[in-house]
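Structure, as structure tokens:
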Protein chains: 2
Amino acid sequence: MNAAKTPQTPTPTPAPTSAEPLPDAPSDAVDAITAQWAAVRPDLETVPMAVYGRIYRIARAMGERMDKEYAQFGIGRGEFDVIATLRRSGEPYTLSPRQLSATLMLTTGGMTGRLDKLEKAGLLRRSPDPTDRRGLRVSLTEKGLALVDESVTAGLAAQTEVLTSALNADEAAQLSALLRKLLAAH
Amino acid sequence: MNAAKTPQTPTPTPAPTSAEPLPDAPSDAVDAITAQWAAVRPDLETVPMAVYGRIYRIARAMGERMDKEYAQFGIGRGEFDVIATLRRSGEPYTLSPRQLSATLMLTTGGMTGRLDKLEKAGLLRRSPDPTDRRGLRVSLTEKGLALVDESVTAGLAAQTEVLTSALNADEAAQLSALLRKLLAAH
DNA sequence: GGGAAGTAGCTTACTCGTAAGCTACTTTTC
DNA sequence: GAAAAGTAGCTTACGAGTAAGCTACTTCCC
């Protein structure tokens, strides 16, 4: 009835590739998965599997946490990203839909939907671009500016809380540096 | 016309929190974002923002890469996850839909859709559970077993390629350990 | 200066997930 | 051993994204 074989011992040296569940570190769900793979397919590398497996899970877990934070302000993560992009672009908090969809790696169709929702909520305003009649300018309203300032603080507090509970300042800096190198390879 | 303000210099000490774009490290899109925030909201912590920003982007980039790998075998990432879970559970490569949806953190409705598609493709088979008439048993077919073995190898090769191009073995192990600690806090 | 090519934003059709509700069956409890 | 509660899997309604195609406008280029 167990959901899956639970590998009792994360076998000291199960894979061809070195150190996985270091002696002191407690084993987690990802260790269980790599151990299962090592049992049935010992030819597979477990380190990359573990790294990306954890990245994927952390991204998902923090994403859900962020959703909850932003829900307090009546917006979703997607909407937050839009108003946050406007906010950090500085005064007058104005960008075009195209700039927004490019920055957020979203199709224009998806952006139209987000802007509709935010405009209806009174957080931003669409106005014609005076220099190009094809285009629009999207600006944060007073209400939008106030809301984004509150919600970014709340969201960041959540991230900070989890990060500092897990890692000290040195480790966090080290992690950031390693992730920068990894991201550069993508 | 630029999509966003491009911060020329990642200012040596812009934020209250220490070392961000280390002297040698090239600055990336995430550095640009944190620099923008530091300019308009200098009270915000930039380290957590950078860590989670990079985690999110790496997860997304590798996700897209995986989609391409699996597309060669005619499946998507979601379908791959299902047959991979069956594969690593070991012989007889059989689990219930409930076990699968629990393991993959998916609703039962979502699992029904994935199973429909995989069954139609001949990669797995649904049969009644002999001990519980409410339940089903989902098993990999010969074809499914062969396909998952090929696709897991291809996917892992892609992950290994990117990881080893960015980090040496020590760094990768270090990253894995830091991520384990961070994941544990979620 | 006029036609070709490019760009901006919106709409439509489709995909794939969730949430909630359904039926069928099993387990618990008195 | 019958009623109540729980569990398994499917269906339906809905949400939010993509891809492709549309119209309107601008820019390029001869």
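The chains referred to below are lettered A, B, ... by the order of the sequence lines, with proteins before strands, and numbering in each begins at 1. Bear in mind that the values here come from a model prediction, so they are computed numbers and not experimental data.
For the pair B/Tyr70 OH and C/dC16 P, the interatomic distance rounds to 16 Å; values are reported in whole Å. Across the protein-nucleic acid pair, A/Arg98 atom CZ and C/dA8 atom P stand 5 Å apart, rounded to whole Å. Atom pair A/Leu136:CG and C/dT7:P shows a separation of 18 Å (rounding to whole Å applied). Across the protein-nucleic acid pair, A/Asp129 atom CG and D/dT27 atom P stand 10 Å apart, rounded to whole Å. Spacing between atom CG of B/Leu100 and atom P of D/dA8 amounts to 13 Å, rounded to whole angstrom units. Put simply, CD on A/Gln99 is 15 Å from P on C/dT7, counting in whole angstrom units. Rounded to an integer number of Å, the gap from A/Glu64 CD to C/dT18 C1' is 12 Å. Taking atom CG of residue B/Asp81 and atom P of nucleotide C/dC16, one finds them 14 Å apart after rounding to whole Å.
Qualifying side-chain contact (heavy atoms from CB on, under 4.5 Å) partners for A/Asp67, counting only residues two or more places apart in sequence or in other chains: A/Arg77. In this view, A/Arg125 and A/Thr141 satisfy the side-chain contact (heavy atoms from CB on, under 4.5 Å) rule, not counting sequence neighbours.
No donor-acceptor distance shorter than 3.5 angstrom exists from the side chain of A/Glu45 to the backbone of B/Thr160, with no hydrogens or angles considered.
In the model, B/Thr46 has no side-chain atom that pairs as donor or acceptor with a side-chain atom of B/Thr34 under 3.5 Å. A donor-acceptor contact closer than 3.5 angstrom links the side chains of B/Thr153 and A/Arg41. Remark: the B/Ser176 side chain and the A/Arg54 side chain contain an N/O donor-acceptor pair separated by less than 3.5 Å.
Counting all heavy atoms, side chain and backbone alike, B/Lys143 lies closest to B/Ala121 at NZ-O, 3.0 Å.
Of all nucleotides listed (C/dA19, D/dC10, C/dG9), C/dA19 comes nearest to the side chain of B/Thr107. Candidate nucleotides D/dG9, C/dT26, C/dG9 were compared by shortest atom distance to the side chain of B/Arg133, and C/dT26 ranks first. Nearest to the side-chain atoms of B/Leu106 among the listed nucleotides C/dG17, D/dT26, D/dC10 stands C/dG17.
The base of D/dT7 is paired with the side chain of B/Arg134 by a donor and an acceptor separated by under 3.5 Å.
Annotation: proximity of residues 108-121 of chain B to DNA chain D (heavy atom, distance under 4.0 Å) is found for B/Thr108, B/Gly109, B/Thr112, numbered in ascending order.
Within the 4.0 angstrom heavy-atom criterion, no nucleotide atom of any strand lies near A/Ser101.
OP1 or OP2 of D/dC10 lies within a sub-4.0 Å distance of a side-chain N or O belonging to B/Arg126.
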